[in-house]
Peer 1: 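I have a structure here, written as structure tokens, and I will follow up with some questions on it.
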Amino acid sequence: MDVERYNAREVEPRWRELWDRSGTFLTQNGDSRPKYYVLEMFPYPSGRIHMGHVRNYTMGDVIARYKRARGFNVLHPMGWDAFGMPAENAAMQNNSHPAGWTYANIASMREQLKAIGLSLDWSREIATCDPGYYKHQQKLFLDFLAAGLVDRKRSKVNWDPVDHTVLANEQVIDGRGWRSGAIVEQRELTQWFLKISTFAEELLASLDTLDRWPEKVRLMQANWIGRSEGLLIRFEILPTPRTAATELEVYTTRPDTLFGAKFLAIAPDHPLAQDCAESDPGLAAFIAECQQRGTSAEAVETGEKKGYDTGLRVRHPFDVEWRLPVYVANFVLMDYGTGAVFGCPAHDQRDLDFANAYGLGNIPVICPPDADPATFKVTEIAYDGEGTLINSGFLDGLSSAQAKEEAARRLEESSIGNHPQGRRKVNYRLRDWGVSRQRYWGCPIPVIHCEACGAVPVPAADLPVELPKDVTFGEPGNPLDRHPTWKHVPCPTCGGPALRETDTMDTFVDSSWYFARFTDPRNETAPTSVAAVEHWLPVDQYIGGIEHAILHLLYARFFTRAMQATGHVGALKEPFDGLFTQGMVVHETYRSPAGDWLYPADVRVETQAGGARSAFRLDGGEEVSIGPIEKMSKSKRNTVDPDEIILAYGADTARWFVLSDSPPERDVIWTEEGVQGSAKFVQRLWRLVDELAGLAAPPGTPVPQGLPEGAAAVRKAVHGALIKVEEDIERLRFNRAVAQVHDLANKLSAAVGAIESPEVDAGMRAAFREAAEVLVLMFAPMMPHLAEECWARLGHSTLAANAPWPAADRAIVVEDTITLPVQVNGKKRADLVLDRGADTLAIEAAALALEQVQRALEGRPVKKVIIVPQRIVNVVA
RNA sequence: GCGGGCGUGGCGGAACCGGUAGACGCGCCGGACUCAAAAUCCGGUUCUGGUGACAGAGUGUCGGUUCGACUCCGACCGCCCGCACCA
């Protein structure tokens, strides 16, 4: 009598093996069905997957399996973002080689991913550290170089003087190198840049077309690109022995405030500042001080405005007699605009702070809409809004917008040194992308430096430029640079002795085109096949973490454009049509009285009657404190190992849990109770399907017309749930889809429970057959192993993974009678059960006749009755 | 500082275009089965009052629009995220 418990540990591997053997998830490029490309951001092969991966990849897998069932030819590939520093760090620590470490990690993570039961086409697997991949990346680099999309220029970097390496901003902690602890220096190095700024306007404008992206991400990208419209203004420098320069150009977005100018300020590394410093030791010292302070966030935060008067004076463009001093100021950035600004203290807080510190005063020239022009003054808070011009000569009385226009027009028409004094200019915050890294474990930049010929591209036939295997770690500096022979090669042009570029590429380059490579991953001769790219791309649904909202997604969008310009992607404009950013997996924290963090696996949590919870060590029983819920991290030990969960409960339980509870874009709290709930539900579904199988008609039995009430109700519940699950999966609202499956299971259990005699009528048997099959196929994208086992129990010898999505019949869901809630003055008082077709007159009469309505009216006359068809009745008294 | 988002039972969350607030799950309470426990099944569970039918209150706070507001508008409070000397 008792059904055997569903044994996930035994069942799941069996089905995975069958999927594998039958090639169920291999995708053919030539397939004639409509395509659907679903992609999750590929992982870094750190060695172990974590729950965040499980959540991310499960979501993608639900979509892939669902779309497959709906008749799409689905591309769902997986690969490895395999270059990067951790491999080099590991190499230093265990005296291993980055390649060995990385490929071993890939092998174990591949097994872990397979244990989740993801419907991936593993035949398309790629690893970015594979020469077969980075060979093509080098080709792309060379094509970009030929197309003028690559630049080589000097640029400031964070330099770690102990490790002899460049540090990314996030590797600088409190001004020190994260590994060496040495104080980081600002150094100028010659670096390779990809000219992303070429596409700044296009990358910004095209955001509007991405209507299946979260608004938040589009906004973050727009802010990052940071377009501003302004004016370049050249100021005439009064002749001085300090410099030969005759003019100084500034950038401003507020030419309307020109009459409020009190000074000009230039960046410490502005050429004019350097020039003046040669004859002014005080200035040289000030500049050195600014550079030492660096650009770290806290330096900026606490930074007071400091400046140094160069002694130079410039002429105000609207008044030949008016002189303005030129300061070198620590708050002016060299790499935005021209590295020089005019200071208008009344209408810019930075300028005001500076002016107040140096006693420069201020002139208000914009009067706020609600202020009196006669008395408006600025002391501590600058007014940076718009308003009406005052104290501004010919601009007086104009609005800010008019004044901007008028000032720009005048400056364009006046000229100094035969050039217009002002020029309109659109500026972007977005800088070119520096891709040089002084590291070993990355894609070599395929260039050879020759004394005679300069930087020479490696001929395409010589690609890939492979990383040498015999390298040493543990010493400071770049192993490639240190290698005795690798960098010495003849110049491809003149044949003379030359040196290879020893910088490798930023790993963000690797992930900027992998989605395109997946469409034809074994193409030996080219990075992509245009036909395959045009067929598969854009990615229909891309899923990943919000932490990549800016850089990765912007770089990939840039690459798409650069690849289009070099003929690699056909007419593709945007790489990702739909984007979804999922939340994290979080867990509460446990800490012993001694202050040690404890893994959830080492803690037993008890819930007392009434709901109070306390936690105890498994070894020793000591009580530990329960801390706040935080992102799973190794440092706080609040992690749960997917392998252990899968071993204990099975993959379907883990998949079900990460989909349930929270909306997918929000964080999900991992709890032991929740996981157990999911595990129980797996068992419950198995029992329910088993019971239904015993009561149901044989497979293939059609559902007859004119079912008795009980069977009709079952069908109604089934099709109602099916429609909702469809909508929920389409809209990625997995938590609601989960709730629908629960709800249907509850209803079907009740229907089975209501059967009294062992003789079930034919209508009910047919309805149960349909119910069981729909139920199984409905949860199959979410719990694929259980679905296969149930499908077999229902008498099928085919795979559920290959079964088409059941067709929902909307007509079945339509009710003959409707239940209308009746309100009196907006408060619900009763329900009204009526024929579907009842007209408003009949509804009104029936509503007013209700006893509860009359009682609530308390004798007041009815003013009107509002009837919203199929929705509600409101009696207004 | 600038930009964006979010505040709903004990908890995670539902609620379509302004139309029955609290679907579904977790927890808790009660019951059945059992010698007992686990597992399973059934019932209850926003708060207050009432044995009860029922009544009143209720979606961060205050106000507005509306026949009707979790939903729209305004102000405020709290939390979260991103950017941050970008002229």
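The shown structure was predicted, so the numbers you read here are calculated from the model rather than taken from an experiment. Residue numbers begin at 1 in each chain, while the letters A, B, ... track the order of the sequences.
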Peer 1: So A:Leu219, base contact, sugar-phosphate only, or nothing? Heavy-atom distance under 4.0 Å.
Peer 2: sugar-phosphate
Peer 1: Between B:G82, B:A87, B:G19, which nucleotide gets closest to the side-chain atoms of A:Ile872?
Peer 2: B:G19
Peer 1: Are side-chain N/O atoms of A:Ser197 and A:Asp432 paired as donor and acceptor at under 3.5 Å?
Peer 2: yes
Peer 1: Could you check which of B:A15, B:A39, B:C54 has an atom nearest any side-chain atom of A:Arg733?
Peer 2: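 Closest of the options to the side chain of A:Arg733: B:A15.
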Peer 1: Touch check for A:Thr253, heavy atoms < 4.0 angstrom, all strands: base, sugar-phosphate only, or nothing?
Peer 2: sugar-phosphate
Peer 1: Check this for me, if you would: do A:Glu229 and A:Lys425 make a salt bridge, where the nitrogen-to-carboxylate-oxygen distance has to be below 4.0 angstrom?
Peer 2: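 Between A:Lys425 and A:Glu229 there is no salt bridge, as every charged N stays at least 4.0 Å from the carboxylate O atoms.
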Peer 1: A:Ile867 has an atom CD1; how far is it from atom P of B:U20, in whole Å?
Peer 2: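 It works out to 16 Å between those atoms.
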Peer 1: Main chain of A:Val868, side chain of A:Arg871: is a donor-acceptor contact present, judged purely on distance under 3.5 Å?
Peer 2: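 No, the answer is negative, given that no donor and acceptor are paired below the 3.5 Å cut-off.
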Peer 1: Could you tell me the separation between the CH2 atom of A:Trp224 and the P atom of B:G3, rounded to a whole number of Å?
Peer 2: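 That distance rounds to 19 Å.
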Peer 1: With rounding to the closest Å, how many angstrom separate the P atoms on B:C16 and B:G7?
Peer 2: 13 Å
Peer 1: Closer than 4.0 angstrom, basic N to acidic O: yes or no for A:Asp269 and A:Lys156?
Peer 2: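 Looking at A:Asp269 and A:Lys156, the cut-off is met.
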Peer 1: Where the side chain of A:Tyr336 is concerned, which of B:A87, B:A14, B:G19 is the nearest nucleotide?
Peer 2: B:A87
Peer 1: Whom does B:C17 pair with, Watson-Crick or G-U wobble, provided both distances fall under 3.5 Å?
Peer 2: none
Peer 1: In whole angstrom, give the distance that lies between atom CZ of A:Arg218 and atom C1' of B:G82.
Peer 2: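 Distance check: A:Arg218 CZ to B:G82 C1' gives 17 Å.
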Peer 1: What integer distance in Å separates A:Gln823:CD from B:G18:P?
Peer 2: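 Those two atoms, CD and P, are 16 Å apart.
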Peer 1: Side chain of A:Arg687, heavy atoms from C-beta onward: which of B:C41, B:C67, B:G82 has the nearest atom to it?
Peer 2: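 Selected nucleotide (nearest to the side chain): B:C41.
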Peer 1: Please evaluate residues A:Phe657 and A:Tyr649 with respect to the criterion ring-ring contact (aromatic ring centres under 6.0 Å, His included), reporting the C-alpha separation (whole Å), side-chain torsions for both, the decisive distance (0.1 Å), and the verdict.
Peer 2: CA-CA 11 Å; A:Phe657 180 75; A:Tyr649 300 101; 9.9 Å; no
Peer 1: On a whole-Å scale, what distance lies between the C1' atoms belonging to B:C67 and B:G18?
Peer 2: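 So the two C1' atoms sit 12 Å from each other.
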Peer 1: Return the pairing partner of B:C28 with a 3.5 Å limit on both distances, Watson-Crick or G-U wobble; otherwise return none.
Peer 2: B:G44
Peer 1: Could you tell me whether the phosphate oxygens of B:U20, OP1 or OP2, come under 4.0 Å of any side-chain nitrogen or oxygen in A:Thr819?
Peer 2: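 Negative; the distance criterion is not met.
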Peer 1: Please work out which residues in residues 664-683 of chain A have a non-hydrogen atom less than 4.0 Å from an atom of RNA chain B and list them by number.
Peer 2: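 Listed by number, they are A:Arg666, A:Glu673, A:Lys680.
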Peer 1: Looking at CD1 of A:Ile233 and NE2 of A:His316, how far apart are the two atoms once the value is rounded to the nearest 0.5 Å?
Peer 2: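 The distance works out to 8.5 Å.
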Peer 1: Would you say the side chains of A:Arg684 and A:Asn746 form a donor-acceptor pair under 3.5 Å?
Peer 2: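 There is such a pair (donor and acceptor under 3.5 Å, judged by atom type) between the side chains of A:Arg684 and A:Asn746.
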Peer 1: Whether A:Asp728 and A:Lys724 form a salt bridge (side-chain N of Lys/Arg under 4.0 Å from carboxylate O of Asp/Glu) is what I want to check.
Peer 2: no
Peer 1: Please give the distance between the P atoms of B:G31 and B:A36 as a whole number of Å.
Peer 2: 13 Å
Peer 1: Would you call A:Arg227 and A:Glu201 a salt bridge, using N to O less than 4.0 angstrom?
Peer 2: yes
Peer 1: With a 3.5 Å limit on both atom pairs, tell me what B:C6 is paired to, counting Watson-Crick and G-U wobble, or say none.
Peer 2: B:G78
Peer 1: Hunt down the Watson-Crick or G-U wobble partner of B:G22, both distances under 3.5 Å, from any strand shown, or write none.
Peer 2: none
Peer 1: Between B:U66 and B:G19, how far is it from one C1' atom to the other, in whole Å?
Peer 2: 12 Å
Peer 1: Roughly how many Å is it from NZ in A:Lys828 to P in B:G58, rounded to a whole number?
Peer 2: 18 Å
Peer 1: Please work out if A:Arg731 contacts a base, only the sugar-phosphate, or nothing of the nucleic acid, heavy-atom cut-off 4.0 Å.
Peer 2: nothing
Peer 1: Under 4.0 Å between a side-chain nitrogen and a carboxylate oxygen: does that hold for A:Glu851 and A:Arg855?
Peer 2: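 Answer for the salt bridge query: yes.
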Peer 1: I need the CZ-P distance between A:Arg684 and B:G25, as an integer number of Å.
Peer 2: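 Between P of B:G25 and CZ of A:Arg684: 7 Å.
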Peer 1: For B:G9 and B:G60, measure between their C1' atoms and round to the nearest Å.
Peer 2: 15 Å
Peer 1: Whether the A:Ser228 and A:Tyr251 side chains hold a donor-acceptor pair (N or O, under 3.5 Å, no angle test) is what I'd like checked.
Peer 2: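 Judged by distance alone, the side chains do pair up.
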Peer 1: Consider the side chain of A:Ile550, meaning its heavy atoms from C-beta on, and name the nucleotide among B:G82, B:A15, B:G12 that approaches it most closely.
Peer 2: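 So the nucleotide nearest the side chain must be B:G82.
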Peer 1: Starting from P on B:C80, measure out to NZ on A:Lys216 and report it in whole angstrom.
Peer 2: 13 Å
Peer 1: Side-chain N or O of A:Arg871 versus OP1/OP2 of B:G18: is the shortest distance under 4.0 Å?
Peer 2: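 Indeed not, no polar side-chain atom of A:Arg871 lies that close.
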Peer 1: Choosing from B:A14, B:A87, B:G25, which nucleotide comes nearest the side chain of A:Asp661?
Peer 2: B:G25
Peer 1: Let's see if you get this right: which residues in residues 741-751 of chain A place a heavy atom under 4.0 Å from RNA chain B?
Peer 2: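 Output list: A:His742, A:Asp743, A:Asn746.
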Peer 1: Which base sits across from B:G49 as a Watson-Crick or G-U pair, both distances under 3.5 Å?
Peer 2: B:C54
Peer 1: With a 3.5 angstrom cut-off on both distances, give the Watson-Crick or G-U wobble partner of B:U65, or none if there isn't one.
Peer 2: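 By the stated definition (distances under 3.5 Å), nothing pairs with B:U65.
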Peer 1: Can you tell me how far P of B:C85 sits from NZ of A:Lys305, to the nearest Å?
Peer 2: 9 Å
Peer 1: Are A:Arg731 and A:Glu726 within salt-bridge range, i.e. N to O under 4.0 Å?
Peer 2: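 So A:Arg731 does not pair with A:Glu726 through a salt bridge.
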Peer 1: Is it true that A:Arg666 and A:Gln582 share a donor-acceptor pair across their side chains at a distance under 3.5 Å?
Peer 2: no
Peer 1: Heavy atoms only, 4.0 Å cut-off, all strands: where does A:Arg227 land among base, sugar-phosphate and nothing?
Peer 2: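 No contact at all - A:Arg227 keeps every heavy atom at 4.0 Å or more from the nucleic acid.
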Peer 1: Check this one for me: any side-chain N or O of A:Arg855 less than 4.0 Å away from OP1 or OP2 of B:A53?
Peer 2: no
Peer 1: Taking a pair as Watson-Crick or G-U wobble with both distances under 3.5 Å, which nucleotide is matched to B:C33?
Peer 2: none
Peer 1: Remember a base hit wins even if backbone is also touched, and classify A:Val332 as base, sugar-phosphate or nothing at under 4.0 Å, heavy atoms.
Peer 2: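 If one applies the 4.0 Å heavy-atom cut-off, A:Val332 turns out to touch a base.
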Peer 1: Within the structure shown, what part of the strands sits under 4.0 Å from A:Lys827 by heavy-atom distance: base, sugar-phosphate, or nothing?
Peer 2: sugar-phosphate
Peer 1: If the cut-off is 4.0 Å, is A:Asn735 near the phosphate of B:A14, judged by side-chain N/O to OP1 or OP2?
Peer 2: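 Looking at the OP1 and OP2 atoms of B:A14, one of them is under 4.0 Å from a side-chain N or O of A:Asn735.
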Peer 1: Who does B:C85 pair with, Watson-Crick or G-U, both distances under 3.5 Å?
Peer 2: none
Peer 1: A:Leu333 has a side chain; which of B:A87, B:G82, B:C67 sits nearest to it?
Peer 2: B:A87
Peer 1: Give one of base, sugar-phosphate or nothing for A:Val341, where a contact means two heavy atoms less than 4.0 Å apart.
Peer 2: base
